[in-house]
Amino acid sequence: MAGAVSPITRQVTKENQEIGTTSGDSRLEDVENCLIYDQHGVPVPFKKLYQDRKSVIIFVRNFLCYSCKEYVEDLSKIPREALEDADIRLVVIGQSAHPHIEPFCSLTGYPYEIYVDPDRCIYQKLGMKREEKYTDSGRQSHPHVKSGIFMGQLKSIWRAMTSPAFDFQGDMHQQGGAIIAGPGSHVHFSHFDMNRLDHMPIDWLLQHAGLQQTLDFSDKPKIVHV
């Protein structure tokens, strides 16, 4: 099976790894008591996400962002048994009001844990970027983002106009990121996005968290053993 290499895997190079931090510079102690909210508006301390086991936590820009939508659509393709076998918890965090969670999950097909940080407490205290800066690392998420910028923005505007509550579902300038943490407050890896295309490749994140398989997102989800 060595010849079956997914497009995502081919992008995972040492150069790409260096855009993240593996030394635990993100201090979870500063945000462990920040409250996040589930789809019913029930508050949960952030630390509950990573206390008991290793978690891959994805922070999205906002729920209207086309690149975040398409990235989360690929997260939804991860087989549940792959996460369970590796004992990995997968979590998405947005920064809208909690009523937007259920429509976003219905739109993307995302079946795993999802919360919101409407006050952007965690985003701000961890130092996630505001405003966009484009660098070569922005090419990273292209395997997950299928829409061009022009069409993607049109889709986002259309969804905003047709949603029951006309709002932008979060700060439009806030960027996201990814953290691998736990058990406990140890941060194994962190990456803060520079722009809407600067997501970390999903397959790389999962392997860094301990998944022993390679997932191919090029067409339909399948596991490539290497």
What verdict does the side-chain contact (heavy atoms from CB on, under 4.5 Å) test give for Ile36 and Val116, after you've listed the backbone C-alpha separation in whole Å, the side-chain angles of each residue and the deciding distance to 0.1 Å?
CA-CA 5 Å; Ile36 52 178; Val116 290; over 6 Å; no
Start with the C-alpha gap between His208 and Phe189, add the side-chain angles, then the distance that decides, and say whether ring pair (Phe, Tyr, Trp, His ring centres under 6.0 Å) holds.
CA-CA 8 Å; His208 197 74; Phe189 174 83; 5.4 Å; yes
Decide side-chain contact (heavy atoms from CB on, under 4.5 Å) for Ile114 and Ile93; before the verdict, give the C-alpha distance in whole Å, the side-chain angles of both, and the deciding distance to 0.1 Å.
CA-CA 6 Å; Ile114 183 168; Ile93 295 179; over 6 Å; no
Evaluation steps, side-chain contact (heavy atoms from CB on, under 4.5 Å), between Leu107 and Phe63:
CA-CA 10 Å; Leu107 180 69; Phe63 287 159; over 6 Å; no
Determine whether Leu205 and Leu211 satisfy the following criterion, side-chain contact (heavy atoms from CB on, under 4.5 Å), listing intermediate values before the conclusion.
CA-CA 9 Å; Leu205 282 173; Leu211 194 73; over 6 Å; no
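His98 places none of its side-chain heavy atoms less than 4.5 Å from the side chain of Gln39. In this structure, Lys47 and Asn33 have side chains that are in contact, with non-hydrogen atoms separated by less than 4.5 Å. The side-chain heavy atoms of Ile180 and Lys54, taken from C-beta on, include a pair separated by under 4.5 Å. Side-chain atoms of Pro183 and Asp52, non-hydrogen and from C-beta on, never get closer than 4.5 Å to each other. No side-chain heavy atom of Leu90 sits less than 4.5 Å from a side-chain heavy atom of Ile57. Residues Arg80 and Pro111 have side chains in contact (heavy-atom distance under 4.5 Å, counting atoms from C-beta outward).
Between Ala82 and Gln213, the closest heavy-atom pair is CB-OE1, 3.9 Å. The two atoms that bring Cys34 and Ile122 nearest to each other are CB-CG1, 3.7 Å, heavy atoms only. Between Ala209 and Ile88 the shortest heavy-atom distance is CB-CD1, 3.8 Å. Shortest non-hydrogen contact noted between Tyr123 and Val60 is OH-O, 2.8 Å. Among all heavy-atom pairs drawn from Ser76 and Gly109, the shortest one is CB-O, 3.4 Å. Closest approach of Pro43 and Leu35 over heavy atoms only: CB-CD1, 4.1 Å.
With rounding to the nearest 0.5 Å, the separation of CE in Met128 from NE2 in His191 is 10.0 Å. Note: Cys68 SG to Asp193 CG = 7.5 Å, rounded to the nearest 0.5 Å. Atoms SG and CD, on Cys65 and Gln174 in that order, are 12.0 Å from each other to the nearest 0.5 Å. Going from atom CG of Asp117 over to atom NZ of Lys125 covers 10.0 Å, rounded to the nearest 0.5 Å. Summarising the geometry, atom CD belonging to Gln207 is positioned 12.5 Å from atom CD1 belonging to Ile202; distances are rounded to the nearest 0.5 Å.
Phe46 pairs by the ring pair (Phe, Tyr, Trp, His ring centres under 6.0 Å) definition with Tyr50, not counting sequence neighbours. Asp30 pairs by the salt bridge (Lys or Arg N to Asp or Glu O under 4.0 Å) definition with Arg27, not counting sequence neighbours.
Salt bridge annotation for Glu73-Lys69: present, with a cationic side-chain nitrogen under 4.0 angstrom from a carboxylate oxygen.
Between the side chains of Arg61 and Gln175, at least one donor N or O lies within less than 3.5 Å of an accepting N or O.
Annotation: Gln124, atom CD; neighbour count of heavy atoms from other residues, nucleotides and ligands within 6.0 Å is above 12.
Of the residues listed (Val56, Val92, Leu83, Ile58), the one engaging Tyr112 in a side chain to side chain contact (heavy atoms under 4.5 Å, CB included) is Leu83, and it is the only one. Screening Ile78, Asp74, Leu75, Ile101 against Tyr110 for a side chain to side chain contact (heavy atoms under 4.5 Å, CB included) leaves a single residue, Leu75.
Residues Leu49 and Val42 do not share a hydrophobic cluster, clusters being chains of Ile/Leu/Val/Met/Phe/Trp/Tyr side chains in contact below 4.5 Å.
Without hydrogens or angle criteria, Asp38 side chain to His40 main chain gives a donor-acceptor distance under 3.5 Å.
For Tyr37 and Tyr115, the ring centers are positioned 6.0 Å apart or more. Residues His186 and His188 place their aromatic rings such that the two centres sit under 6.0 Å apart.
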